[in-house]
K.L.:
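Encoded as structure tokens, here's the structure I'll be asking about.
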Amino acid sequence: MDSRKQPPWRQPQAHRDTNLPPLTVWNSLTRSKTPFVTLDPKGRKVTWYACGPTVYDDAHLGHARNYVSTDIIRRILKDYFKFDVEFVINITDVDDKTSVWIIVRGRQQHLFSEFLASHPDVNPDVLKTTQLAYYAYIKKNLQLINEGTKPEDFGTEAERVYGGVLKGEALEGNRKPGDREAKVRMHVRTITIAAAMISRIAKMFNQGPVEQPESLENEVITSEDFYEATQDVILPYLDQLRGSTVPGDAYEIFTKLTKKYEEHFMRDMRDLNVLDPDEITRVTEYGQEIADFVERIVANNFGYVTPDGSVYFDIKSFEEAGHPYARLEPWNRNNQPLQRDGEGTLSHAVEKRSPDDFALWKASRPGEPSWKSQWGPGRPGWHIECSAMASSRLGSQIDIHSGGIDLAFPHHDNELAQSEAFWSEKKQQWVNYFLHMGHLSIQGSKMSKSLKNFTTVRSALDKGDWTPRSLRIVFLLGGWRDGVEITPELIQTASVWEDKLNNFFVKVKDPSGPGATTDITSDPNISLAQALATTKAKAHQYFCDSFDTPKVMRVISELVSTFNNVDQNANLNEVQDLAQWVTRIVTILGLNGKVSPESCGIGWEGTDIPEPAKPFLYPLSTMRDALREAAKSQSEVTHRQLKAITGQTPVDESLVSQASRSYFQVFKDFRARISPSNSEDTAKSSKELLSLCDRLRDVELFDLGIYLEDRENKPALVRPVTRDLLQSREEQTRKMLLKQQEKEKQEKLAKERLEKGRLSHLDMFRTSEYSAWDEDGMPTKDAAGEPINKSRSKKLRRDWERQKKAHETWIASQSTGS
């Protein structure tokens, strides 16, 4: 079969349930949108296997893009279309492809720990080892740099050789920079940090006794500082020297790192509001099952054993039996770089029947993890793990298989081939729908652990750069299968959308908000009920169109705009229906925390004030509204007006709960400040009262996480402080600080100018530089008794005039006391 031709996609048989949605899904198998028909005869159950993370480091925003987008589709299937989704994800803790990061990284960390234990303090031997590691790293990773470049010269040499790349240019020609350039920048950054530390330590050893290095100019460098700066060059060097000494069955060495980062991954995904999988599979827990899986493929004549004890998939035999290969990306059928990348960097030369054949089982070398098999000690190939685990948990056929787009070839194509080879007697398609998530890009290159061009999820959340909601909104605004490059424009669009929904939910939940006045009728020109019906129909159409969330987000925004145009003239029932539907949809999309779509009420997390605050905040806001209205209409507010505004009903403090106390205290203090004195004739300045109202809004309540949004001819909105409000306040504070600093700077300059005027112009030139002066104190002769020439006299006269003016200003300041 010509693999370059797209083979026919085997549509699952139509199920008996005719009431299912007309859902179509972009399927990588057909490279088109195809009707979604499940394997389940009733059409309700969906089996889904997702390629999970390779856990050797913390998850980054590129991972968030994949797994949040996967979570969005899973939620839509489960909560919108009401499918019963069985979701299985794997954790890659040891395999062949990622062994460069998992096997090697785990082994490197083990060897590094041993090195630290035997070298807790930095000494000449450690320095020598690190210098050798430095030179080895350059030789392997930065071939254009002379491998003998000394650490102290590295920065200059790197700028000379790779200066253009470091500025964002391509390595060669006019092509767009990408992963190659990102790798160069990563390696230069790694060596730069290490080289600087090596140079500093070398200088310290040269200055003091070798056994006890002295600090250079009182500089103190701890062992922790040294190893932190140099470990990325030491790790591969130690592995090169001693990696083969690690026992193959010491699995704890290889999985110690992965267990730690699996925990981190699950924590980060939960913090991003990604639903837990129904089941997690791990490669290290399926060693024997994977070996058995490979054995059956060989028995079916689709695999062969090489002399070293490795097992390879026989593509020719597979195709001769009538099976297509490279169905997902047939154009990559003979892409040798991708094939080699799929084999993993620990692969070694073997006698393969075809260069395209790929490893099912790899004979382990010294220092690599191994399991027993009939072919000798070995480990799984990259692709076989998913085939064996997915088949074990979900059977001979699966509805959905998903992962990042970079996995389509060779990983998923090889999975598909070897799985259908395993189940060949069934003569059926192993997976019906492949869903591939687009990448998250930065500076033209995908985010990648290996490139180290990423921001971790934990860092992004802890710094406040992103929230789980804001990041998810960005992904929802882009198609799940499209690449996303985070730009200031995209961030701004997402922020505007989130702020718009925040305001909407605050308004519809406000006691004095839309529909609160029952005798107000709807605007006859705008029907919220009709707008909601139209939006529901459009959203359903877009959900059915391969989960088109960008369009769903757009129609939600348009519906909120319609509501804003009606606002106070809205019918209460229509507002409630609209708000409940919007809440349900954003909850289904995962924007409402852990809340279930079946019990979500109205609004999303962060738009309601705390329950303990309500008994005091709403009366406080009402009191402040009345006070502002009175103060804005007159210069003073009378005793009688203040008494009517503040009221006299006391609050029994013993009944105030601990959770309510901070809000009660603000209420109590504000009422006390504006309450009238005993004198019936006392009035308070409106300016003072308005200032108190502003302080209540901007400081006292803001610090409690509450904001009063003043509106023209409407009661203030009582709402939680949002991230945008915080950022706005921080920006305002920053501007005020800059303004104050500039004011102080100008005052200082004015003071300095004024102080210069202290010296009288009559005395300013009476120095040893001159020997004679006229009655104005102007020099007539220099120190040698020679007359001052005309041109110099003119210049001195100009200086004299300036000082005269400055002195007069100084005298005036003294008389006024300034």
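This is a predicted model, so every value here is computed, not measured.
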K.L.:
What residues form a side-chain hydrogen bond (donor to acceptor under 3.5 Å, both in side chains) with Ser768, not counting sequence neighbours?
P.N.:
none

K.L.:
Around atom CZ of Arg729, are there more than 12 heavy atoms of other residues, nucleotides or ligands at under 6.0 Å?
P.N.:
yes

K.L.:
Is any side-chain heavy atom of Leu642 closer than 4.5 Å to a side-chain heavy atom of Leu627?
P.N.:
yes

K.L.:
For atom CD of Glu747, is the number of surrounding heavy atoms from other residues, nucleotides or ligands below 6.0 Å larger than 12?
P.N.:
yes

K.L.:
Would you say the side chain of Met197 lies within less than 4.5 Å of the side chain of Ile221, judging by non-hydrogen atoms?
P.N.:
yes

K.L.:
Check whether more than 12 heavy atoms from other residues, nucleotides or ligands sit under 6.0 Å from atom CD of Gln732, and answer yes or no.
P.N.:
no

K.L.:
Could you tell me whether the side chain of His807 reaches within less than 4.5 Å of the side chain of Met764, counting heavy atoms only?
P.N.:
no

K.L.:
Go through the steps to decide whether His60 and Val457 satisfy the test side chain to side chain contact (heavy atoms under 4.5 Å, CB included), and finish with yes or no.
P.N.:
CA-CA 5 Å; His60 54 67; Val457 171; 5.7 Å; no

K.L.:
Would you say the side chains of Gln665 and Ser662 form a donor-acceptor pair under 3.5 Å?
P.N.:
no

K.L.:
Check step by step if side chain to side chain contact (heavy atoms under 4.5 Å, CB included) holds for Asn502 and Arg469.
P.N.:
CA-CA 12 Å; Asn502 271 329; Arg469 180 181 294 154; 4.2 Å; yes

K.L.:
If the condition is ring pair (Phe, Tyr, Trp, His ring centres under 6.0 Å), which residues does Trp604 pass it with, not counting sequence neighbours?
P.N.:
Phe505

K.L.:
Which residue pairs pass the ring pair (Phe, Tyr, Trp, His ring centres under 6.0 Å) test when at least one of the two sits in residues 777-802, sequence neighbours left out?
P.N.:
His761-Trp800

K.L.:
Only one of Asp58, Asp271, Asp57 passes salt bridge (charged side-chain N to carboxylate O under 4.0 Å, His left out) with Arg458; say which it is.
P.N.:
Asp271

K.L.:
When you measure from the side chain of Asp776 to the backbone N and O of Met778, does any donor-acceptor pair fall under 3.5 Å?
P.N.:
no

K.L.:
Could you work out, with side chain to side chain contact (heavy atoms under 4.5 Å, CB included) as the rule, every residue matching Lys805, not counting sequence neighbours?
P.N.:
none

K.L.:
Which is it for Gln641 and Thr638 under the side-chain hydrogen bond (donor to acceptor under 3.5 Å, both in side chains) test, yes or no, and what are the steps along the way?
P.N.:
CA-CA 5 Å; Gln641 287 176 303; Thr638 68; 3.2 Å; yes

K.L.:
Is it true that, when you exclude Glu228 itself, more than 12 heavy atoms of the residues, nucleotides or ligands shown sit nearer than 6.0 Å to its CD?
P.N.:
no

K.L.:
If the condition is salt bridge (charged side-chain N to carboxylate O under 4.0 Å, His left out), which residues does Arg472 pass it with, not counting sequence neighbours?
P.N.:
Asp71

K.L.:
Can you find a pair of side-chain heavy atoms, one from Leu692 and one from Phe670, that are under 4.5 Å apart?
P.N.:
yes

K.L.:
Heavy-atom distance under 4.5 Å between the side chains of Val126 and Phe226, does that happen here?
P.N.:
yes

K.L.:
Any chance the side chains of Glu731 and Gln727 put a donor and an acceptor closer than 3.5 Å?
P.N.:
no

K.L.:
Quick one: does any side-chain atom of Gln803 pair with a main-chain N or O of Leu759 as donor and acceptor, under 3.5 Å?
P.N.:
yes

K.L.:
Scan side-chain atoms only and decide if Asn503 and Arg719 contain a donor-acceptor pair under the 3.5 Å cut-off.
P.N.:
yes

K.L.:
Testing the basics here: between Trp810 and Leu754, what is the closest heavy-atom pair and its distance to 0.1 Å?
P.N.:
CD1-O, 3.3 Å

K.L.:
Quick check: does any side chain N or O of Thr780 sit under 3.5 Å from a backbone N or O of Asp774, one acting as donor and the other as acceptor?
P.N.:
no

K.L.:
Which pair of heavy atoms, one from Ser793 and one from Ile788, lies closest together, and at what distance?
P.N.:
N-CG2, 3.8 Å

K.L.:
Answer yes or no: is there an ion pair linking Glu157 with Arg160, defined by an N-O contact shorter than 4.0 Å?
P.N.:
yes

K.L.:
So, Lys463 versus Thr455: side-chain donor-acceptor pair below 3.5 Å or not?
P.N.:
no

K.L.:
Between Thr646 and Arg671, is there a donor-acceptor pair closer than 3.5 Å when you use the side chain of the first and the backbone of the second?
P.N.:
no

K.L.:
With Arg753, which residues qualify under side-chain hydrogen bond (donor to acceptor under 3.5 Å, both in side chains), at least two apart?
P.N.:
none

K.L.:
Would you please name every residue forming a side chain to side chain contact (heavy atoms under 4.5 Å, CB included) with Glu224, sequence neighbours left out?
P.N.:
Thr222

K.L.:
Using a cut-off of 6.0 Å, state whether more than 12 heavy atoms not belonging to Lys687 lie near its atom NZ.
P.N.:
no

K.L.:
Are Glu653 and Lys668 ion-paired here, with the side-chain N under 4.0 Å from a carboxylate O?
P.N.:
yes

K.L.:
Check for a donor-acceptor pair, side chain of Arg697 on one end and backbone N or O of Leu708 on the other, with a separation under 3.5 Å.
P.N.:
no

K.L.:
Should Tyr137 and His187 be marked as a side chain to side chain contact (heavy atoms under 4.5 Å, CB included) after you check the CA-CA gap, both sets of side-chain angles, and the distance that decides it?
P.N.:
CA-CA 9 Å; Tyr137 193 99; His187 291 314; 2.7 Å; yes

K.L.:
The criterion is side chain to side chain contact (heavy atoms under 4.5 Å, CB included); which residues satisfy it with Gln231, sequence neighbours excluded?
P.N.:
Phe112, Leu235

K.L.:
If you measure only the distance, is there a donor-acceptor pair under 3.5 Å linking the side chains of Asp724 and Thr722?
P.N.:
no

K.L.:
Which atom pairs, one a donor and one an acceptor, fall under 3.5 Å between side chains of residues 609-621 and the rest of the protein, sequence neighbours left out?
P.N.:
from	atom 1	to	atom 2	distance (Å)
Glu611	OE2	Lys614	NZ	2.6
Lys614	NZ	Asp608	OD2	3.4

K.L.:
Do Asp510 side-chain atoms and Val718 backbone N/O form a donor-acceptor pair below 3.5 Å?
P.N.:
no

K.L.:
List for me each residue that meets side-chain hydrogen bond (donor to acceptor under 3.5 Å, both in side chains) alongside Thr467, sequence neighbours excluded, and say none if there are none.
P.N.:
Ser470

K.L.:
Could you tell me whether a side-chain N or O of Glu181 sits under 3.5 Å from a main-chain N or O of Gly168, the two making a donor and an acceptor?
P.N.:
no

K.L.:
For Lys795, enumerate each residue passing the side chain to side chain contact (heavy atoms under 4.5 Å, CB included) test, keeping only those at least two apart in sequence or located in another chain.
P.N.:
Arg798, Asp799

K.L.:
Just grab all the salt bridge (charged side-chain N to carboxylate O under 4.0 Å, His left out) pairs involving residues 628-639, residues at least two apart or on different chains.
P.N.:
Arg628-Asp710

K.L.:
Before giving the answer on side chain to side chain contact (heavy atoms under 4.5 Å, CB included), spell out for Trp466 and Val474 the whole-Å C-alpha distance, their side-chain angles and the decisive distance to 0.1 Å.
P.N.:
CA-CA 10 Å; Trp466 296 95; Val474 165; 3.6 Å; yes

K.L.:
Kindly confirm or rule out a cation-pi arrangement of Arg65 over Phe475, judged by NZ or CZ under 6.0 Å from the six-membered ring centre and within 45° of its axis?
P.N.:
yes

